[in-house]
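First the structure, in the form of structure tokens, and then the observations on it.
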Amino acid sequence: SRGAAAAPSAAAPSAMPTVRPGAVPTGEPAAVSGRRALAKPPVRKVARDLGVDLDSVVPTGPGGIVTREDVLAHQAAAEARVLATYPADDQPWLASGTVSPDGRQTRVPVKSVRKRTAEAMVTSAFTAPHVTVFQTVDVTRTMKLVQRLRQDKEFADVRVTPLLIAAKALLLAVRRHPDVNASWDEAAQEIVYKHYVNLGIAAATPRGLVVPNIKDAHRLGLHDLAEGLAALTSTARAGKVTPRDMSDGTITITNVGVFGIDTGTPILNPGEAAILAFGAIREQPWVHKGKIKVRHVTQLALSVDHRLVDGALGSMVLADVAAVLEDPAQALVWG
């Protein structure tokens with residue numbers, strides 16, 4: 001389960017007390033207080049007939065007694081809740097949210113991580129003029145390289161994935177086109193060119209989207225880069241990402257392929273000029289050396305801040321990333 005505590009399912013809606021609209025509760029459910037519910041015999045019969053647990057009903061009668069109206073209101077809310085959910089649903093929000101009287105909505109306060117993420121994305125979307133370019137790439141050679149590295153004893157202690165090669169390809173593209181590694185300082189009316197690459201990796205976590213970055217990734221060889229990716233991923237999944245981990249990023253990769261998505265138009269991480277979306281790798285028919293063959297193919301999308309990166313520069317950066325993924329030996333040439 002994604003929640004911090006086990007969430008009740010719609011199979012047992014009566015476990016969630018509800019007060020009928022307009023009623024003023026004079027007590028709490030007996031299940032909470034630890035005592036048996038107070039109710040007259042006719043009310044107990046109504047509860048039995050409806051299958052309602054009296055101990056879970058909020059009483060509104062004098063002296064904390066459960067009335068017939070309390071039972072009917074509780075049952076109505078339970079029925080609405082059943083209609084709005086499915087018994088097997090994972091509902092982690094129930095642990096920290098407030099259910100509406102009709103059971104059809106749950107309101108959860110926006111937590112700090114998700115709030116910061118939302119504010120940053122809105123700022124980015126309405127401040128930086130986004131432009132996105134796309135390219136479809138035959139990554140068969142990259143997949144073969146990944147398999148070889150997984151069998152190499154020098155990489156036995158790290159996890160080798162296509163994302164690792166994509167990260168290296170982006171770092172090489174930044175080296176060839178350093179103008180893409182920049183930010184726009186609105187207050188100072190200056191363009192800030194970074195002489196280092198802190199490579200961000202967008203990570204979806206139960207707490208929301210976070211973008212920690214690998215500091216000085218441009219200095220790392222392939223093995224050290226793999227270690228950095230592993231450490232970053234582990235920290236994000238454990239919910240231990242710190243503000244320092246997410247600060248001073250210069251360019252980002254979002255791996256939408258892990259969700260089976262082909263491509264998208266990613267929103268820039270605030271303060272950065274480019275973000276690369278790495279799509280799912282699929283076997284597809286592809287013209288290779290004049291013949292149609294089954295090859296591993298993926299789609300790349302690069303969103304850029306058009307104040308800093310025009311269409312030509314963005315296209316050249318994306319073309320370089322694609323060139324390395326299509327033929328990883330190209331990395332030896334660019335070194």
Side-chain angles (χ1 to χ4, degrees), residues 1-123 125 203-210 236-241 259-260:
S1 172
R2 292 170 292 169
S9 70
S14 60
M16 300 176 61
T18 307
V19 180
R20 58 189 170 85
V24 178
T26 60
E28 60 184 2
V32 175
S33 65
R35 64 177 184 272
R36 280 187 57 79
L38 300 176
K40 295 180 179 179
V43 175
R44 292 187 179 278
K45 182 177 186 304
V46 170
R48 282 196 304 272
D49 293 343
L50 294 176
V52 172
D53 179 6
L54 275 177
D55 291 342
S56 66
V57 178
V58 176
T60 63
I65 193 170
V66 177
T67 67
R68 184 175 185 276
E69 289 73 18
D70 295 335
V71 174
L72 295 177
H74 186 95
Q75 175 63 12
E79 289 176 351
R81 198 171 299 118
V82 170
L83 289 174
T85 61
Y86 293 90
D89 281 355
D90 184 15
Q91 301 172 51
W93 54 84
L94 293 182
S96 57
T98 302
V99 181
S100 63
D102 65 2
R104 295 178 65 83
Q105 296 181 353
T106 299
R107 291 182 175 268
V108 181
V110 178
K111 301 299 182 181
S112 58
V113 171
R114 192 175 294 274
K115 183 176 181 180
R116 287 197 300 270
T117 299
E119 291 172 346
M121 292 300 100
V122 170
T123 299
T205 74
R207 299 170 62 199
L209 178 70
V210 295
R237 287 177 177 171
K240 297 180 179 179
V241 174
F259 304 109

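The first residue of the sequence shown is numbered 1, and numbering continues consecutively from there.
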Who pairs with L72 by side-chain contact (heavy atoms from CB on, under 4.5 Å), at least two apart in sequence or on another chain? V46, L50, R68

Is there a side-chain contact between V57 and V52, using heavy atoms and a 4.5 Å cut-off? yes

Among all residues two or more places apart in sequence or in another chain, which pass the side-chain contact (heavy atoms from CB on, under 4.5 Å) test with R44? R36, A39, R48, L54

Residue set satisfying side-chain hydrogen bond (donor to acceptor under 3.5 Å, both in side chains) with K40, at least two apart, ordered chain then number -> none

Start with the C-alpha distance between T60 and T67, add both sets of side-chain angles, then the distance that settles side chain to side chain contact (heavy atoms under 4.5 Å, CB included), and finish with yes or no. CA-CA 7 Å; T60 63; T67 67; 4.0 Å; yes

Using a 4.5 Å cut-off on heavy atoms from C-beta on, say whether the side chain of L38 contacts that of V66. no

State, to 0.1 Å, how close G64 and P59 come at their nearest heavy-atom pair, and which atoms those are. O-CB, 3.3 Å

